[in-house]
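Single-structure report; data block below.
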Amino acid sequence: YQFVFSLSTKVAKVRNFSYNSLYLRCYIKSFHMKRYLLALIGLATCVSAYCTDSLSVFYRIRLDQDIDPSAQRLVVLGLEKATEAEADYVLLDINTYGGAVNAADSIRTAILRYDRPVIAYVNMQAASAGALISIACDSIYMKTGSSIGAATVVNQTGEVAPDKYQSFMRGMMRATAKANGRDPEIAESMVDTANVLSLTPDEAIEVGYCEGIAEEVSDVARIVAGDNEFIIKDMEDDMTWLDRLIQFLLNPLLQSIFMMMIIGGIFVEIRTPGIGLPLLTAVVGALLYFAPGYLGHLVSYWEILLFVVGIILIAMEIFVLPGFGVCGITGIIAVVVSLAFAMVDNAELFHWDGTLNLEPVLMPLGIVIISSAVAIFGSVWLVKKLYETRSFDHIALRQSLTGEEGFVGVVSGLESLVGQEVTVFTDMRPSGKVRTADGRIFEASMKFGGYAVKGQTLNVVSTEQGRLYCE
């Protein structure tokens, strides 16, 4: 106000007093208006900050499938999308009977390394690999009638795996439980082959493996948010068509089919003349096998490069180098290793202390070997069946190269012609063709070089590798 008063005093001294008085009134109104607007802006900022602080954002990831590479990508992608959505909590809605240990280990690692709270909601079942994933979360809530546990490692037929695998799983369960402040002995008991442990919600609460019972996902959010308002964002709303396509192609059954397409297509292409449908089948199988994993960050570039190098080595062994030796064997090993490692998350191969862990590779390697054997035997059976039908003409060449039509390799039995006379059929400079007395035509060369014109008579002095040598 002192500033305004001094300004008015100076204005009063100006000759045109009425004009300056009007200017002064406008300036004062403008001054008060600016103060009013600044106050409104400050109030709006405070209200916005208050509302933001009182609103909790939950990002829901639904995991209601077998634990496999597609489930692994689903969770990892969900954590990335939760970060992009600036969620305060990740809500993992679990209902699974388990699955592959290597995929579960990758999910566990991703959750433990995530920088925001991850809440597991056991929506009926968290068995086997599902129990490991739940224990990796910061807190666990369970639905009435649900259970968690039974993490004994079994094979594809349901039989208990050897103690080597059980020991690995027990160590992983203990380490995961200890990382989140839970009793490691309880987690280890879930892998016990004699008296395997499974917990109901009340039992889990009693031993510290459950924070509460909730009937719906919204109940979990309400308990965690407390007095704050909350919203639940669903990952399915953020999934693009490409994300869904990759999830579909990562299905283990489809991956096995793609693998058999690769091996079977290569085998049939090698066994049949020409280039046709088998090679195209192998190329399509390779694209469908590697592309989803690469786009989903499950396959590294070096695995694709190793596969290509293996194919090149096999091709060189067949079409360039004689026999079958080191080059072909190396190529086969490269192809098998690349297909196996493409099924494994590379993060599982190296522990945090830098040591190499090959345990996750054993099962994928067995799958590759079995799939390759099935593909080869299946290809032999399929080719045998198709060969008798007209459809085979659209797949490969059926034509046979016979001697009657002039297609011969190295001619044998020419020693009987040594000492006989032959007639030059084409000019020899020094090689050409000669005709025997019975009218047969053979490749021939001048023994000591030189030149012979058509119609000249020569003597056969020796034979070697299907060729006559004359003088």
Side-chain angles (χ1 to χ4, degrees), residues 44-65 67-96 103-124 126 129-130 132-143 176 179-180 211-212 214-250 292-298 345 347:
T45 302
C46 293
V47 171
S48 176
Y50 174 77
C51 293
T52 302
D53 292 339
S54 62
L55 181 65
S56 298
V57 179
F58 291 81
Y59 198 85
R60 181 190 185 190
I61 303 173
R62 180 176 295 179
L63 185 59
D64 54 355
Q65 64 180 81
I67 306 303
D68 52 32
S70 64
Q72 173 188 340
R73 181 185 179 274
L74 178 70
V75 175
V76 173
L77 180 64
L79 296 177
E80 294 176 358
K81 290 184 177 294
T83 302
E84 295 174 359
E86 298 182 351
D88 299 301
Y89 302 93
V90 173
L91 189 52
L92 193 58
D93 190 352
I94 300 176
N95 185 18
T96 179
D105 189 19
S106 297
I107 297 174
R108 173 193 80 105
T109 303
I111 294 174
L112 290 176
R113 293 179 178 178
Y114 195 62
D115 59 354
R116 300 180 187 181
V118 180
I119 304 168
Y121 175 53
V122 181
N123 192 356
M124 295 313 294
L132 174 64
I133 296 171
S134 300
I135 296 173
C137 297
D138 297 283
S139 55
I140 303 174
Y141 291 86
M142 300 178 66
K143 188 174 184 176
T176 306
N180 285 326
E211 276 65 40
E215 302 304 322
E216 301 291 340
V217 172
S218 57
D219 296 334
V220 177
R222 188 175 295 108
I223 296 172
V224 175
D227 297 332
N228 294 342
E229 296 293 328
F230 66 88
I231 59 172
I232 300 176
K233 295 183 178 181
D234 203 315
M235 178 185 174
E236 293 184 359
D237 298 334
D238 296 335
M239 294 278 284
T240 64
W241 67 269
L242 182 60
D243 293 330
R244 299 180 189 277
L245 178 61
I246 293 175
Q247 285 296 120
F248 175 74
L249 294 178
L250 285 175
Y294 185 78
L295 294 175
H297 307 292
L298 300 177
D345 185 3

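We use all heavy atoms of the structure for the numbers below, so side chains are in, but hydrogens, waters and symmetry mates are not.
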For [X], which residues count as a side chain to side chain contact (heavy atoms under 4.5 Å, CB included) partner, sequence neighbours excluded?
X      : value
Glu215 : Lys143, Thr144, Ile213, Asp219
Leu295 : Ile246
Ala136 : Arg108, Ile111, Leu112, Thr176

Interatomic spacing from [atom1] in [X] to [atom2] in [Y] - rounded to 0.5 Å:
X      : Y      : atom1 : atom2 : result
Met142 : Ile94  : CE    : CD1   : 10.5 Å
Ser106 : Arg73  : OG    : CZ    : 14.0 Å
Ile232 : Leu91  : CD1   : CG    : 6.5 Å
Leu74  : Gln65  : CG    : CD    : 6.0 Å
Tyr141 : Asn123 : OH    : CG    : 15.5 Å
Glu236 : Asp243 : CD    : CG    : 12.0 Å

So, [X] side chain and [Y] main chain: donor-acceptor pair closer than 3.5 Å or not?
X      : Y      : value
Asn180 : Ile135 : yes
Tyr89  : Ala221 : no
Asp138 : Val118 : yes
Gln247 : Ser70  : yes

Kindly assign one of parallel, tilted or perpendicular to the pair Phe230 and Phe58, based on the angle between their ring planes and the thresholds 30° and 60°.
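Answer is perpendicular, since the angle exceeds 60°.
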Shortest non-hydrogen contact from [X] toward [Y]:
X      : Y      : result
Cys137 : Leu92  : SG-CD2, 4.2 Å
Ala87  : Arg116 : O-NH1, 2.9 Å
Ala71  : Leu63  : CB-CD1, 3.8 Å
Ile231 : Leu55  : CG2-CD1, 4.1 Å
Thr96  : Gly130 : CG2-CA, 3.8 Å
Val122 : Ser134 : CG2-OG, 4.1 Å

In the structure I gave you, are the side-chain heavy atoms of Leu77 and Met239 within less than 4.5 Å of one another anywhere?
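Answer yes - side chains close enough.
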Would you please name every residue forming a ring-ring contact (aromatic ring centres under 6.0 Å, His included) with Tyr59, sequence neighbours left out?
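In terms of ring-ring contact (aromatic ring centres under 6.0 Å, His included), with neighbours along the sequence ignored, Tyr59 is linked to no residue.
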Please list, one pair per line, the donor and acceptor atoms closer than 3.5 Å that link side chains of residues 78-86 to other protein atoms, with sequence neighbours excluded.
from	atom 1	to	atom 2	distance (Å)
Lys81	NZ	Asp238	O	3.4
Thr83	OG1	Leu79	O	3.1
Thr83	OG1	Tyr114	OH	2.9

What salt bridge (charged side-chain N to carboxylate O under 4.0 Å, His left out) pairs are there with at least one residue in residues 224-233, not counting sequence neighbours?
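Salt bridge (charged side-chain N to carboxylate O under 4.0 Å, His left out) check on residues 224-233 returns no pairs.
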